[in-house]
Amino acid sequence: MLCRIGCLWLNWRMISSKRLGRSFFDRPTLQVARELLGTRLVRMEGEQRTAGIIIETEAYIGEKDLGCHASAGVTPRTRVLYGPPGRAYVYFTYGNYWMLNFVTEREGFPAAVLIRGIVPTEGIDRIATRRAGRPPKHWTDGPGKICIALEIGKAQNNNDLCVHDAEIFVEFGENIPDSCVTPGPRVGLNGVPEPWKSIPWHFLARYEPQGA
DNA sequence: AGCACGATTAACT
DNA sequence: GTTAATCGTGCTC
């Protein structure tokens with residue numbers, strides 16, 4: 001009886017959960033990158049939520065993709081990319097900035113989605129403090145800015161997004177129709193040879209926050 | 001140990 | 001439009 005109740009409770013948790021599970025990330029990276037648009041990125045800081053709607057993503061897929069860090073093979077840094085899907089890959093670049101990615105596809109295949117833009121929805125006061133002096137329009141419109149606004153750094157690298165007490169996770173959001181999505185080349189790959197430099201693995205959503 | 005570079009940002013002209 | 005800042009990472013010696 002107790003077991004039955006336990007199972008029902010677990011089922012209820014699964015069905016009613018607003019969170020994306022591991023199966024969401026264990027799929028082709030382009031599909032994950034596209035479908036992440038409109039979902040909600042949540043950063044737990046103790047009991048407080050800081051969050052925003054994801055509106056811009058980029059896919060980095062495998063060792064053959066010369067724009068992907070995994071083109072260098074397994075190194076201390078890229079090890080996370082080869083790990084199981086549904087983990088955070090957080091790396092440091094340009095001497096100043098952290099970048100948040102979600103690892104995708106099966107364990108052993110290195111791929112991830114970079115989170116490039118969100119629209120803040122919760123914890124606005126904390127975001128405003130961390131982005132002080134900048135206009136709201138530029139609070140979270142870049143991958144480095146998102147990590148500043150949500151206080152994401154080295155400590156979150158390799159974090160599992162799909163456990164109950166995750167610091168970072170993603171919730172289902174509203175559906176973004178294809179008519180509101182603009183694919184294009186990935187940003188910042190100037191030294192990367194074609195076709196990787198121009199391949200349209202960047203996804204930008206036109207998103208109108210409620211009431212605007 | 002040394003070197004070149006980077007999935008950026010902010011402040012310039 | 002251009003460019004400086006800044007340092008971990010990966011590669012070579």
Side-chain angles (χ1 to χ4, degrees), chain A residues 25 28-37 39 41 43 52 54-83 85-105 109-120 126-159 161 168 170 181-205:
Chain A
F25 299 98
T29 306
L30 288 176
Q31 203 175 338
V32 176
R34 163 64 180 85
E35 293 181 20
L36 276 170
L37 299 176
T39 64
L41 169 63
R43 167 77 161 110
I54 295 173
I55 60 160
E56 192 178 358
T57 60
E58 273 174 0
Y60 290 86
I61 312 174
E63 295 182 344
K64 290 177 185 167
D65 173 5
L66 296 182
C68 180
H69 291 163
S71 60
V74 183
T75 67
R77 179 173 67 161
T78 62
R79 187 176 46 83
V80 177
L81 286 171
Y82 290 80
R87 303 263 187 108
Y89 170 50
V90 183
Y91 71 89
F92 184 75
T93 193
Y94 289 107
N96 276 305
Y97 303 104
W98 296 92
M99 307 283 141
L100 172 66
N101 300 251
F102 300 148
V103 176
T104 57
E105 313 211 24
F109 184 86
V113 174
L114 171 69
I115 308 303
R116 283 198 72 91
I118 67 174
V119 175
R126 287 183 292 284
I127 292 176
T129 300
R130 292 171 192 147
R131 301 291 295 140
R134 281 87 182 179
K137 179 179 166 61
H138 295 305
W139 280 352
T140 54
D141 61 341
K145 300 177 190 181
I146 290 171
C147 289
I148 294 169
L150 302 188
E151 263 187 13
I152 291 168
K154 188 178 197 170
Q156 283 70 46
N157 189 34
N158 207 24
N159 270 20
L161 313 175
I168 299 169
V170 186
V181 176
T182 309
R186 295 172 294 180
V187 176
L189 302 191
N190 274 333
V192 174
E194 300 289 1
W196 312 109
K197 180 180 170 183
S198 301
I199 200 164
W201 287 356
H202 171 268
F203 300 94
L204 174 66

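Numbered from 1 within each chain, the chains take letters A, B, ... in sequence-line order.
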Using a heavy-atom cut-off of under 4.0 Å over every strand shown, decide if [X] touches base, sugar-phosphate, or nothing.
| X | result |
| --- | --- |
| His138(A) | nothing |
| Leu114(A) | base |
| Arg77(A) | sugar-phosphate |
| Gly144(A) | sugar-phosphate |

**Q.** Candidates dG6(B), dG10(C), dC7(C) - which lies nearest the side chain of Thr93(A)
**A.**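 Closest nucleotide among those given: dG6(B).
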Once you round it to whole Å, what is the distance between [atom2] of [N] and [atom1] of [X]?
| X | N | atom1 | atom2 | value |
| --- | --- | --- | --- | --- |
| Trp98(A) | dC7(C) | CH2 | P | 12 Å |
| Lys145(A) | dA10(B) | NZ | C1' | 8 Å |
| Arg130(A) | dA10(B) | CZ | C1' | 20 Å |
| Glu56(A) | dT8(B) | CD | P | 10 Å |
| Asn96(A) | dA7(B) | CG | C1' | 15 Å |
| Ile61(A) | dA7(B) | CD1 | C1' | 14 Å |
| Arg186(A) | dA7(B) | CZ | P | 10 Å |
| Lys137(A) | dT9(B) | NZ | C1' | 16 Å |

(Q) Using Watson-Crick or G-U wobble geometry with both distances under 3.5 Å, which nucleotide pairs with dT6(C)? (A)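 By the stated definition (distances under 3.5 Å), nothing pairs with dT6(C).
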(Q) Using Watson-Crick or G-U wobble geometry with both distances under 3.5 Å, which nucleotide pairs with dA7(B)? (A) none
Q. With a centroid cutoff of 5.5 Å and a plane-angle limit of 30°, would you call Tyr94(A) stacked on dA5(C)?
A. no
Q: Compare the ring of Tyr91(A) with the six-membered ring in the base of dA7(B) and state whether they stack (centres under 5.5 Å, planes under 30°).
A: no
Q.
Let me spell it out: for each of Tyr97(A) and Lys154(A), pick the nucleotide of DNA chain C with the closest heavy atom. Which residue's pick is nearer the 5' end?
A.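 Its nucleotide being nearer the 5' end, the pick is Tyr97(A).
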Main chain of [Y], side chain of [X]: is a donor-acceptor contact present, judged purely on distance under 3.5 Å?
| X | Y | value |
| --- | --- | --- |
| Ser198(A) | Pro195(A) | no |
| Arg134(A) | Ala132(A) | yes |
| Glu58(A) | Arg116(A) | no |
| Arg43(A) | Glu151(A) | yes |

(Q) Judged by each residue's nearest nucleotide on DNA chain B, which is more toward the 5′ side, Ile148(A) or Asn101(A)? (A)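 Mapping each residue to its closest nucleotide by heavy atoms, the 5'-most match is Asn101(A).
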Q | Which residue lies more 5' along DNA chain B, comparing Val113(A) with Arg134(A) via nearest heavy atoms | A | Val113(A)
Q | Geometric class of the Tyr91(A)/His69(A) ring pair [parallel <30°, tilted 30-60°, perpendicular >60°] | A | perpendicular
